[in-house]
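Shown next, in structure tokens, is the structure this report addresses.
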2 protein chains.
Amino acid sequence: MHALKVLKSLPLLAIVLETTVGALPAFAAEKELPPKATVNDVIKASKATEWRQLDPENTLYMDIPSGRVIIELAPPFAPNHAANIRSMVREGYFDGLSIYRSQDNWVVQWGDPNEDKPKPLKTAKAKLAGEFTVPLKNDTHFTRLPDRDGYAAQVGHSNGFPSARDPKTGETWLAHCYGMVGVARGNESDSGNGGTLYAVIGNAPRHLDRNITVVGRVITGMPLLSVLPRGPAPMGMYDKADMMVPIKAVRLAADVPAAERSHWEVMRTESASFKAVVEAQRNRGGPWTKVAAGHVDLCNVPIPTRETGK
Amino acid sequence: MHALKVLKSLPLLAIVLETTVGALPAFAAEKELPPKATVNDVIKASKATEWRQLDPENTLYMDIPSGRVIIELAPPFAPNHAANIRSMVREGYFDGLSIYRSQDNWVVQWGDPNEDKPKPLKTAKAKLAGEFTVPLKNDTHFTRLPDRDGYAAQVGHSNGFPSARDPKTGETWLAHCYGMVGVARGNESDSGNGGTLYAVIGNAPRHLDRNITVVGRVITGMPLLSVLPRGPAPMGMYDKADMMVPIKAVRLAADVPAAERSHWEVMRTESASFKAVVEAQRNRGGPWTKVAAGHVDLCNVPIPTRETGK
């Protein structure tokens, strides 16, 4: 029964109605907590209208030797960078470049590893003003999370992306959660252009929020990135050519024949089911859970995705 | 200059005095922020007395084909489990077992994968009451973090481990941050014994706090665990024998001849330098940082470790 025990022991999204909260003394008699819908239960019971397809104009297919990583861009939060990345993709800029950095509990990064002889651009811009925050009016889909957050006045979800905002300054920005994709830059705010991107592979580095243009989120394929061997050079850089992970191609879904597209959808974060997902994660029920957290951190909220029939 | 830009772009611990806070409008003229000591600067300037050696009685060497993972046990938070793990290690219980689970953004887990024919124990106990929380008096090293936390009334550090506490209930517990090691269990609180352990490899699953006995922390070797291919079966289980990662041996440092021991030390979390580390992470300075976070999450505080001369 040992493996069964193990199988039940750490359900990622196995969340089940809990009425009592408060820590149990270590040796107290256990109460049976009522079962509660898990995240997976909520997903199964959701309506088709509570999901949206990815927009092909905002969906990137990055093909690496181990498979396909699909990234969704978020133009409301980074309109100029999304447009520039689209241009670079259409120019074939990323094709033949590589993943050249993997730093534990931090990021995997890709783009052009050659500092001395950078790959030339065609129509895409080499520099762009940072879009670290955008005006609140850019985001018309915000659903606020009632749970408090240390890094921002308000946090929540915007059409499938974790976001934060400050009503006092009138700004909003995407939050650095696991799987979010950002634009690497140098010391100058305008030194990035989207040609060097990274995905978060560790604990959410929220202190980077408002310091970097976050352009999107990995929808599927994180396990292809997160397992890449950590680089031996400082900051996880790969310092030998044979460590580099080649990028075969990055394409925009809109440019791929419809029959060859991947079909993924994201739960609408304004839906009733998403609200139920959040609550399922915030307060798990029995029988495994003994103490419901009573809180959920922005970056611990799962944003459900699924592949649909082709 | 592209790689240089990249090299500077995402310093993990490059933290540097920032006076102004508040988001910069996207196109505002940049202010130069004063430089500030980084975490690495603080480490370099720290005194020898601000570090402690690992206690050989609480230090595990887990040898897997790719190298050595060193885990420090935290007996004040899990006295019975620490003792039972010590017994199992001394019985050779873990030797020849395997890592059999790797779930993305969640955990890597090891122990006995055979449910039908579990490896017998000798003197170690097969079940132990959960040590999900312990009385406050168990922990004599708590240094509170002033930053607010959503999951607990108080958080901070206890002799090198991230911890949380509730003065109202008189309980304290270790927090599920990246690299923390916990005891897998079934639905019953007493169904774990320390023979099945996991390490956190993703965003801190703080909702597990007070639901699991957390026994310690990986001091070095996380990159050996975090890159293991994610298991294809539900919950990241490896479902074929050849996927299993063999554990060559787990030994207690105290049982290894002194000349063969690894020598790691941890910064004392009660020290002035550690306080400076926390502040360096909370409010980074220029020139890369444009907006200091003004907050640090418990699990984003680095707890410095280093290998010393042998």
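Every chain is numbered from 1, with letters handed out A, B, ... down the list of sequences.
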Would you find a donor on one side and an acceptor on the other, under 3.5 Å apart, between the side chain of B:Asn211 and the backbone of A:Thr289?
no

NE2 on B:His207 to CG on A:Asn300, rounded to 0.5 Å:
5.5 Å

May I ask you to decide if A:Lys290's main-chain N or O and B:Arg210's side chain share a donor-acceptor pair within less than 3.5 Å?
no

Tell me the closest heavy-atom pair linking A:Pro223 and B:Arg230, and the distance in Å.
CB-CG, 3.6 Å

Proximity breakdown for A:Asp147 and chain B, heavy-atom pairs closer than 4.5 Å:
neither

CG on B:Asp149 to NE2 on A:His295, rounded to 0.5 Å:
7.0 Å

When the 4.5 angstrom heavy-atom criterion is applied to A:Tyr178 and chain B, the contacting part is side chain

Value for CG (B:Asn105) from OG (A:Ser226), rounded to nearest 0.5 Å, stands at 8.5 Å

So, for B:Asn203 and A:Cys299, which heavy atoms are closest and what is the spacing to 0.1 Å?
ND2-O, 3.4 Å

Examine whether an atom of A:Asp166 lies under 4.5 Å from a heavy atom of chain B, and if so say whether it belongs to the side chain, the backbone or both; otherwise answer neither.
neither

Return the CG to CZ distance between A:Leu208 and B:Arg284, rounded to the nearest 0.5 Å.
6.0 Å

A:Leu224 portion near chain B, given a 4.5 angstrom heavy-atom threshold
neither

Region of A:Pro229 in contact with chain B, defined by heavy-atom distances below 4.5 Å:
backbone

